[in-house]
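For reference, the structure discussed in these notes is given below.
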Amino acid sequence: NTMMVRFFKSGYCTSHSKVVDPRTSFVEIPFSAVWALIDLPDGGFAMVDTGYTEHFITATKPFPDRFYRWITPIQLQPEETPLAILKRLNIAVDEIRGIVISHFHGDHIAGLKDFPKAQFICTASALEEVNRYKGFRAVKRGILHGLIPRDFVERVHTFEALAAKQFTDKYGLQRYEWEITPGISWVLLPGHARGMIGFEFTQESRTMLYATDAAWSHIAFSDHVLPMPIVKIFIDSMSAMENTWNCLHAWQKDHPNGEIFFTHCPKTKQLLDHE
């Protein structure tokens with residue numbers, strides 16, 4: 001069973017290349033907020049993340065959430081929002097049946113409030129973390145409670161509860177398979193954020209693993225150059241990140257024609273439908 005997966009970008013924030021790859025010089029680089037649209041076989045669509053929307057600006061007005069915008073200043077054009085993109089595709093908001101939240105950082109969930117009928121799907125550990133931390137401790141983990149819809153609790157489901165099948169593959173990656181998305185294997189990618197998830201799929205006879213924020217640069221990842229230690233301030237676990245990298249390297253070795261893509265990596269631009 002193959003499913004159509006399309007990728008789009010809704011805005012970007014800026015950071016420094018040296019943070020991503022300590023071997024580079026200190027230049028400002030864009031971190032595109034990429035999200036995916038999946039055509040569901042029995043009608044409607046699912047999204048994976050939402051990128052940025054104007055809700056991010058609103059959510060980062062009060063303190064301590066404003067720190068988030070200071071650290072990651074954003075750029076967003078009105079025609080880049082998920083709603084604007086879906087309108088161009090003639091897809092109604094209510095046709096989005098589910099939104100998979102790879103993790104709860106602001107650049108991945110800023111559009112949740114725009115989809116009042118969608119169900120939300122995330123891992124149990126990601127949900128537990130969002131419920132546990134408030135205020136500055138939440139911001140430090142990249143969580144902005146102002147982006148989370150009021151009725152979130154009634155609409156959220158976990159992969160653990162929904163999965164038809166859960167297993168650890170031969171590379172050490174934990175996977176979930178879900179009947180609603182045949183042909184897609186959801187992959188747990190600990191490190192960058194608690195309970196972060198990506199997915200593996202085949203399109204045009206190419207096997208692809210969209211590894212969300214497991215790394216930020218395919219060059220640094222390929223060379224096994226970890227980001228600068230300063231990222232420990234806001235990522236969940238550097239050792240878990242390194243372990244995930246080892247598992248992904250094992251996957252890559254076994255799939256010489258397969259490709260791993262990361263949300264913010266410039267290489268991911270080739271996946272985008274509207275660039």
Checklist entry - Residues two or more places apart in sequence or in another chain: which of them pass salt bridge (Lys or Arg N to Asp or Glu O under 4.0 Å) with K87? => result none

Main-chain N/O of [Y] paired with [X] side-chain donor or acceptor, under 3.5 Å:
X	Y	result
K140	I233	yes
T50	G111	yes
T81	T53	no
R155	A118	yes
Y68	G106	yes
Q252	G258	yes
S217	I219	yes
S10	E80	yes
R88	E79	yes
H264	T212	no

Item to check | Derivation of the side-chain contact (heavy atoms from CB on, under 4.5 Å) call for D49 and V34 | outcome: CA-CA 8 Å; D49 298 331; V34 171; over 6 Å; no

So, do [X] and [Y] sit near enough that their side-chain heavy atoms are less than 4.5 Å apart?
X	Y	answer
T123	E160	yes
Y52	Q75	no
L86	F45	no
W35	I85	yes
V100	W178	yes
Y210	T263	yes
W186	V48	yes
Y171	H255	yes

Atom [atom1] in [X], atom [atom2] in [Y]: separation rounded to 0.5 Å?
X	Y	atom1	atom2	value
S125	M196	OG	CE	11.0 Å
I29	S17	CD1	OG	5.5 Å
T181	D39	OG1	CG	12.5 Å
K113	H55	NZ	NE2	7.0 Å
F201	M208	CZ	CE	4.0 Å
R97	L40	CZ	CG	5.0 Å

If you take all heavy atoms of [X] and [Y], which pair is closest and at what distance?
X	Y	result
M238	M228	CE-O, 4.2 Å
L147	A59	CD2-CB, 3.7 Å
P22	V225	CD-CG1, 3.6 Å
P64	G135	CG-C, 3.8 Å
A214	T244	CB-CG2, 4.2 Å
L248	F262	CD1-CE2, 4.4 Å

Item to check | Pairing residues for H249 by the ring-ring contact (aromatic ring centres under 6.0 Å, His included) criterion, not counting sequence neighbours | outcome: F221, H224

Give a yes or no on whether [X] and [Y] share a hydrophobic cluster (residues Ile, Leu, Val, Met, Phe, Trp, Tyr; joining criterion: side-chain heavy atoms under 4.5 Å apart).
X	Y	value
F31	I260	yes
F234	Y133	no
V187	F167	no
L173	F199	no
I74	I109	yes

Verify the neighbour count for atom [atom1] of [X]: are there more than 12 heavy atoms of other residues, nucleotides or ligands below 6.0 Å?
X	atom1	value
K267	NZ	yes
I230	CD1	no
R137	CZ	no
K232	NZ	no
E179	CD	no

Checklist entry - Between F7 and F261, does the ring centre distance come in under 6.0 Å? => result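 No, they do not, as the ring centres are separated by 6.0 Å or more.
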
Item to check | CA sep, side-chain torsions, deciding dist, call: L37, I91, side-chain contact (heavy atoms from CB on, under 4.5 Å) | outcome: CA-CA 11 Å; L37 182 69; I91 295 171; 3.7 Å; yes

Next on the checklist: Can you classify the ring geometry of H103 versus H105 as parallel (below 30°), tilted (30 to 60°) or perpendicular (above 60°)?
Outcome noted: perpendicular

Checklist entry - After noting the C-alpha distance and the side-chain angles of L112 and I101, does the key distance pass the side-chain contact (heavy atoms from CB on, under 4.5 Å) rule? => result CA-CA 9 Å; L112 296 186; I101 298 166; 3.9 Å; yes

Next on the checklist: Between F104 and R194, is the side-chain contact (heavy atoms from CB on, under 4.5 Å) condition met? List the steps.
Outcome noted: CA-CA 9 Å; F104 282 87; R194 190 79 49 92; over 6 Å; no

Next on the checklist: Could you check whether S15 and W216, counting side-chain N and O atoms only, form a donor-acceptor pair closer than 3.5 Å?
Outcome noted: no

